[in-house]
Amino acid sequence: MGSRRHGPGGRAARMRLGVKSVRERLLRVPGTTREAIEVQLALRDLVKTDLVVDTPGTVAGVDVAYIAGERISVATVVVLRFSDLALVESVSAWLRTPFPYVPGLLGFREAPPVLEAWERLRLDPDMVFVDGHGRAHPRRFGVACHIGMLLRKPTVGIGKSRLCGCCQEPGPNRGERADLVDEGAVVGTVLRTRDHVKPLFVSVGYGISLERCVEWTLKTTRGVRLPEPLRLADQASRKARLDRVQRLPL
DNA sequence: GCGACAG
DNA sequence: ATCTTGTCGC
């Protein structure tokens with residue numbers, strides 16, 4: 001129990017900010033892009049990779065849809081049983097969109113509505129899949145890190161297209177991969193989840209290793225390119241969006 | 001100055 | 001992300 005092994009993500013960093021302050025910074029709507037970037041730089045080194053993780057019992061998928069020219073955000077969280085990927089819970093919440101879309105600052109836009117939905121959950125998922133990059137981000141703090149740190153859950157970031165970094169073309173078959181390298185660092189894995197289909201960009205969101213992220217991504221993907229938690233979240237998200245339009249038309 | 005740029 | 005019809009293919 002020495003005071004030795006406290007890296008950048010440990011006690012020292014938390015004492016500089018305070019865990020409460022971290023939550024506030026993650027949820028406060030920045031007034032400028034400059035301010036948003038400063039928050040990311042202050043929190044990037046608090047992204048843990050060593051949370052205690054057993055094989056998850058349940059896994060969540062989160063996604064956000066937009067209405068009326070993006071003025072309203074509809075967030076959805078689905079929960080699946082890890083063993084058979086059966087859907088066991090689905091909740092949604094809508095919010096006035098808090099922040100514009102700016103590449104690299106997606107977390108400030110999607111975290112508020114996602115938290116709103118998350119708090120309506122009856123279950124407490126063991127891990128989370130987020131639709132967007134984690135550390136495969138110019139400042140190593142993509143939306144998956146933002147949401148993972150907020151929820152304090154092992155989180156995987158899944159991007160459908162590249163935000164930063166370079167990579168070789170992975171082999172053509174499911175399971176084949178290539179490192180995603182940005183400024184000399186491996187920030188993610190370009191992973192083929194289906195034969196001859198465009199690969200996904202997998203990266204650490206929060207709490208776990210990149211290897212574990214890849215493992216869980218493959219274990220939750222069947223038949224289609226996207227992992228089941230995200231496929232179902234995407235599907236439920238569109239339904240929730242339609243429900244919202246019909247109830248409170250614009 | 002020009003191109004790149006998650007969802 | 002969203003706006004949008006049909007269409008080519010397994």
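Residue numbering restarts at 1 for every chain, and letters A, B, ... go by the order of the sequence lines. Predicted, not measured: the structure shown is a model, and the values here were computed from it.
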Enumerate, atom names and distances included, each donor-acceptor pair closer than 3.5 Å involving a side-chain atom of residues 74-81 of chain A, sequence neighbours excluded.
unit_1 : atom_1 : unit_2 : atom_2 : d
A:T76  : OG1    : A:S92  : OG     : 2.8
A:R81  : NH1    : A:D84  : OD1    : 3.0
A:R81  : NH1    : A:D84  : OD2    : 2.4

Determine all donor-acceptor pairs shorter than 3.5 Å in which one atom belongs to a side chain in residues 241-250 of chain A; sequence neighbours excluded.
unit_1 : atom_1 : unit_2 : atom_2 : d
A:R241 : NE     : A:Y66  : O      : 3.4
A:R244 : NH1    : A:L248 : O      : 2.9

Using a 3.5 Å cut-off and no angle test, enumerate the donor-acceptor pairs between side-chain atoms of residues 54-61 of chain A and protein atoms at least two apart in sequence or in another chain.
unit_1 : atom_1 : unit_2 : atom_2 : d
A:T58  : OG1    : A:D126 : N      : 3.4

Atom pairs and distances, donor-acceptor, side-chain atoms in residues 158-165 of chain A, under 3.5 Å, two or more places apart:
unit_1 : atom_1 : unit_2 : atom_2 : d
A:K160 : NZ     : A:D131 : OD1    : 2.7
A:K160 : NZ     : A:D131 : OD2    : 3.4
A:R162 : NH1    : A:G165 : O      : 3.0

What dot-bracket string describes DNA chain B from 5' to 3', counting Watson-Crick and G-U wobble pairs whose defining distances are under 3.5 Å, with [ ] for crossing pairs and | for pairs to another strand?
.......
Convert the base pairs of DNA chain C into dot-bracket notation, remembering that pairs crossing earlier ones are written with [ ] and that bases paired across to another strand are shown as |; include only Watson-Crick or G-U pairs under 3.5 Å.
..........
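Put simply, A:R241 has no side-chain N or O that comes within less than 4.0 Å of OP1 or OP2 on C:dA1.
With respect to A:E169 and A:R192, a salt bridge is recorded, a charged nitrogen being found less than 4.0 Å from a carboxylate O. Here A:D45 does not pair with A:R140 in a salt bridge; the nearest charged N to carboxylate O distance is not below 4.0 Å.
Residue A:R135 is tested with A:T49, A:L210, A:D182 for a side chain to side chain contact (heavy atoms under 4.5 Å, CB included); the sole match is A:T49.
Within 4.0 Å (heavy atoms only), A:L200 reaches no atom of the nucleic acid at all. Residue contacts for A:R162: at a heavy-atom cut-off of 4.0 Å it reaches the sugar-phosphate backbone alone, with no base atom in range. Across all strands, A:A136 comes closer than 4.0 Å to no nucleic acid atom at all (heavy-atom distances). Here A:G104 lies in heavy-atom contact (under 4.0 Å) with a base. Among the protein residues, A:Y66 comes within range of the sugar-phosphate backbone only, with heavy atoms under 4.0 Å from sugar or phosphate atoms but none that close to a base.
Looking only at side-chain heavy atoms (C-beta outward), A:W118 and A:L150 stay at 4.5 Å or farther from each other. The closest side-chain heavy-atom distance from A:V64 to A:R109 is not below 4.5 Å.
If you chain together ILVMFWY residues whose side-chain heavy atoms come under 4.5 Å of each other, A:V187 ends up grouped with A:L180, A:V190, A:F201.
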Do any N or O atoms of the protein come closer than 3.5 Å to N or O atoms of nucleotides 5-10 of chain C, and which pairs are they?
none

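Judged as a side-chain contact (heavy atoms from CB on, under 4.5 Å), and not counting sequence neighbours, the contacts of A:E211 are A:R177, A:S209. Evaluation of the side-chain hydrogen bond (donor to acceptor under 3.5 Å, both in side chains) rule for A:E119 yields no partner, not counting sequence neighbours. Remark: A:Y206 engages no residue in a ring pair (Phe, Tyr, Trp, His ring centres under 6.0 Å) (not counting sequence neighbours).
As a whole-Å value, the separation of A:L226 CG from C:dA1 P is 10 Å.
Think of the region where chain A sits on DNA chain B: with heavy atoms and a 4.0 Å cut, that region ends 5' and 3' at B:dA4 to B:dG7.
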